[in-house]
Amino acid sequence: IAVGLNQLVARARISPAMRTVLSRFVPYPAVASASSCNMLLMRRSELEQGISVKSPSGDELGVSQLAARIAIQQTLITRVVLPAPLLVGPPVSMLAVEKTTSIFKRWPRSRLPVEAGFCVLWFVFGLPFALSCFPQTCEVPVSELEPRFHHMCDSSGQRVDKVVFNKGL
């Protein structure tokens, strides 16, 4: 993907400055799509077999393919958002510094520490944001699952309106 995007940017009829800007963002779609494909391949059996769902009180209720689909969809979104802080944030920050100051012209050796600083900042503040898109444990109404879960009761005899399951990473 990255090779194809690099070739696409190189062949595009755009200014050299725009080509340089776009080439800085090529790694993001490559990493996001690779991470998503990897997750789908590793968890495809969950779509077929389902994942374990529990009542809010912790009673095991069974295995649900629809819960697996919800978990995988949320994980897929997380996998697309996860590399953004490190692969989009620093290039944007560096472009802003380059456009607004002449620090790199005066002190060319400052480029590496400034970029490393931006990477650290984006990693420290962006990673928790990306991981918090969805909670680790999902709570879903039973109406969104297979019909066999619609009228279940927990071990105390209470009707279960919501189920809980681990979304995964």
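Nothing fancy with the numbering, it's 1 onward along the sequence. Basis for what follows: all heavy atoms, side chains included, without hydrogens, waters or symmetry-related copies.
- Atom CG of L47 sits about 3.5 Å away from atom CD1 of I72, to the nearest 0.5 Å.
- With Q65 contributing its side chain and G50 its backbone, the two residues share no donor-acceptor pair below 3.5 Å.
- A distance of 13.0 Å separates CG of L8 from CD1 of I1, quoted to the nearest 0.5 Å.
- For E98, the salt bridge (Lys or Arg N to Asp or Glu O under 4.0 Å) partners two or more places apart in sequence, or in a different chain, are R24, R111.
- In this structure a side-chain-to-backbone donor-acceptor pair under 3.5 Å is present from S93 to G89.
- One distance of note links SG of C119 with CE of M94; it measures 8.5 Å at 0.5 Å rounding.
- When hydrophobic clusters are built by joining Ile, Leu, Val, Met, Phe, Trp and Tyr residues whose side-chain heavy atoms come closer than 4.5 Å, directly or via intermediates, V97 is grouped together with W122.
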Side chain to side chain contact (heavy atoms under 4.5 Å, CB included) assessment of F118 paired with L86
CA-CA 9 Å; F118 281 134; L86 260 168; over 6 Å; no
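- Nearest heavy-atom pair across S36 and A32 is OG-O, 2.8 Å.
- Taken to the nearest 0.5 Å, the CZ atom of R159 stands 14.0 Å off from the OG atom of S55.
- By the rule that hydrophobic residues join a cluster once side-chain heavy atoms approach within less than 4.5 Å of another member, L131 and L76 end up as members of separate clusters.
- A donor-acceptor pair is defined here as one N or O able to donate and one able to accept, closer than 3.5 Å; no such pair exists between the side chain of S102 and the backbone of K105.
- Rounding to the nearest 0.5 Å places CD of E115 at 7.5 Å from CZ of F104.
- Counted by atom type alone, N166 and T137 present zero donor-acceptor pairs between their side chains at under 3.5 Å.
- Nearest heavy atoms, L5 versus P29: CD1-CG, 3.4 Å.
- Considering all non-hydrogen atoms of both residues, A68 and E46 come closest at CB-O, 3.3 Å.
- Under a 4.5 Å side-chain heavy-atom criterion applied to ILVMFWY residues, the cluster that includes L66 comprises I51, V53, L61, I70, V140, V142, L145, F149, M152, V160, V163, F165 as well.
- In this structure, the side chain of S33 engages the main chain of A30 through a donor-acceptor pair within 3.5 Å.
- Two different hydrophobic clusters hold F123 and V120 under the rule that ILVMFWY side chains link at heavy-atom gaps under 4.5 Å.
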Side chain to side chain contact (heavy atoms under 4.5 Å, CB included) between L82 and L127, worked out:
CA-CA 7 Å; L82 194 60; L127 186 64; 3.4 Å; yes
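- To the nearest 0.5 Å, the span separating CD on E144 from NZ on K162 amounts to 10.5 Å.
- The two residues T78 and A130 make their nearest non-hydrogen contact at CG2-O, 3.8 Å.
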Could you walk me through whether Q74 and C138 satisfy the side chain to side chain contact (heavy atoms under 4.5 Å, CB included) test, starting with their C-alpha distance in whole Å, then the side-chain angles of each, then the deciding distance to 0.1 Å, before giving a yes or no?
CA-CA 9 Å; Q74 290 182 0; C138 296; 2.9 Å; yes
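- With a 6.0 Å radius and a threshold of 12 heavy atoms from other residues, nucleotides or ligands, R44 has its CZ atom at or below the threshold.
- Annotation for S23 and V9: closest pair N-CG1, 4.2 Å, computed over non-hydrogen atoms.
- Residues F25 and L87 approach most closely at CD2-O, 4.3 Å, considering heavy atoms.
- Checked by atom type and distance alone, the side chain of Y28 pairs as donor or acceptor with a backbone atom of V80 at under 3.5 Å.
- Residues passing the side-chain contact (heavy atoms from CB on, under 4.5 Å) test with T75, sequence neighbours excluded: M39, R43, R79, K167.
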